[in-house]
Amino acid sequence: MAPDPKHVLGAFLTFTMFAMLANMIKKDHFDPVETQLPQLSTVQFEVMKIEERKVSTLNRVNKGQWNKVSQELKPCWKQPGARLTEEAEKPRGYVTFSLTNGPEYHIAQVADAVMVAKYLGATLVIPDIRGSKLGDKRNFADIYDVEKFVKSLDGVVKIAKEQPAEVAAGKLAVVKIPNRVTEKYIAEHIEPLLRTKRNIRLVTFFPSINMKIRETDQEADSVACLAMFGTLELQKEIIETVDSMLARLRTLSRRSDGQFVAVDLRVDILQGKGCKDTGMKGKSCYTPEETAVFLQKIGFERETTIYVTQPRWHESLEALKDKFPNTYTKESIVPADKKQKFLDLESPHLEKVLDFHICSQSDVFVPAISGLFYANVAGRRIASGTGNTLVPSQIQGSSAPATNFVSPYISKKNHMAYSCYCDN
């Protein structure tokens, strides 16, 4: 029996339509285009090869932006040895410090304090945690695991869990040190002071935000790696709260296979001086509207779930929600029985911890704000193998491949995490 001409024509038209659609999708999302990179980095991004999809998978075409651009790595630093082993039992004074601002700063402050105490052979006093307001003070144990901290530094530096009487009673010499302090700086500026004052208090300042690999000796590298990636572990209750929020976000992301995007976007910082447009080439901060356009142009679908670090809903986020209705702040996904404890605007330590760890574990991380949060979240993502970090840019045209915007920390493998974690 001869085939019905109408059926033949219908089949041909259907095939032609799918073929044209496949070609349009390929052109719209995967052809390389010229883009202007933001001032967050001046290096050119590497474009990773993305496999073309078959017609049978057209119902889930936008997979490129979810592709992982990192691999699971393993710690490869050596356990730092003791300095001046023969004098290890001699008391050489105490080093004290406080953790401030948020976990991205805590990592840097711990690393610098461990470096100083290690080099000087001094005893490191477990820090307290302080906010920006007078009297906003917490114990280290309120957020971090004390025993893990002490154990991780066993054989590296001596730790005092409580402030010794001689430190509490005396006037401490306050020493300002640059982030990622070097042994040369310690020898020239801090060691002489410790000899005369015996006990010192460190305050880390940030002359620049630079987490790139640098030339250092292997011993100093190992101390920095251990301090940054091996010392700070959250308390059990905080881990459980983070896990609950992650599970909630993945449940809300069923249409994207449980995958979600975390965006660091905080209105107070966007309104600050550091985010004002200087008219120079590139940008270091992106508004909710600019971020929404960026995500849309690199292929994220309207149904994509977005987690935003903004503490509470702000009217400016409506521009993001208009394009991505499934946009959430932490107040809508924190477990009900944890809201009173974790959502405290008067003392936002725990809120910042939630943001940092959710951004570190999201399927995609988009830093709408350049700075230390971005740098240290990128480091955590590299260490865990979830390195899919996309840096926003103002895209000329209707679309661009997501892989054009991979963070140079990852595409160039120049983040210091790559000196701490290896693939062998």
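Using a 30° and 60° split on the angle between ring planes, Phe373 and Phe356 fall in the perpendicular class, above 60°.
Take Cys359 and apply the disulfide (SG to SG under 2.5 Å) test, not counting sequence neighbours, and it matches no residue. Remark: Lys197 pairs with no residue by the salt bridge (charged side-chain N to carboxylate O under 4.0 Å, His left out) rule, at least two apart or across chains.
A salt bridge is absent between Asp145 and Lys236; no separation between the charged side-chain nitrogens and carboxylate oxygens falls under 4.0 Å. With salt bridges taken as basic N to acidic carboxylate O contacts below 4.0 Å, none links Glu351 and Lys341. A salt bridge links Glu237 to Lys338: at least one charged side-chain nitrogen sits closer than 4.0 Å to a carboxylate oxygen. Using a 4.0 Å cut-off between a side-chain N of Lys or Arg and a carboxylate O of Asp or Glu, Arg198 and Glu166 qualify as a salt bridge. A salt bridge does not link Lys323 with Glu318: none of the charged nitrogens is closer than 4.0 Å to a carboxylate oxygen. A salt bridge is absent between Lys339 and Asp337: the closest approach of a Lys/Arg side-chain nitrogen to an acidic carboxylate oxygen does not fall below 4.0 angstrom. Salt-bridge formation is not detected for the pair Asp136/Arg130: no Lys NZ or Arg NE/NH1/NH2 atom is positioned less than 4.0 Å from an Asp or Glu carboxylate oxygen.
Per the SG-SG cut-off, Cys76 and Cys420 are not bridged by a disulfide [distance not under 2.5 Å].
Under the 3.5 Å distance criterion, the side-chain polar atoms of Ser407 are matched with a main-chain donor or acceptor of Tyr409.
For residues 230-269, there are no ring-ring contact (aromatic ring centres under 6.0 Å, His included) pairs, not counting sequence neighbours.
Side-chain atoms of Arg302 and Asn326, non-hydrogen and from C-beta on, never get closer than 4.5 Å to each other.
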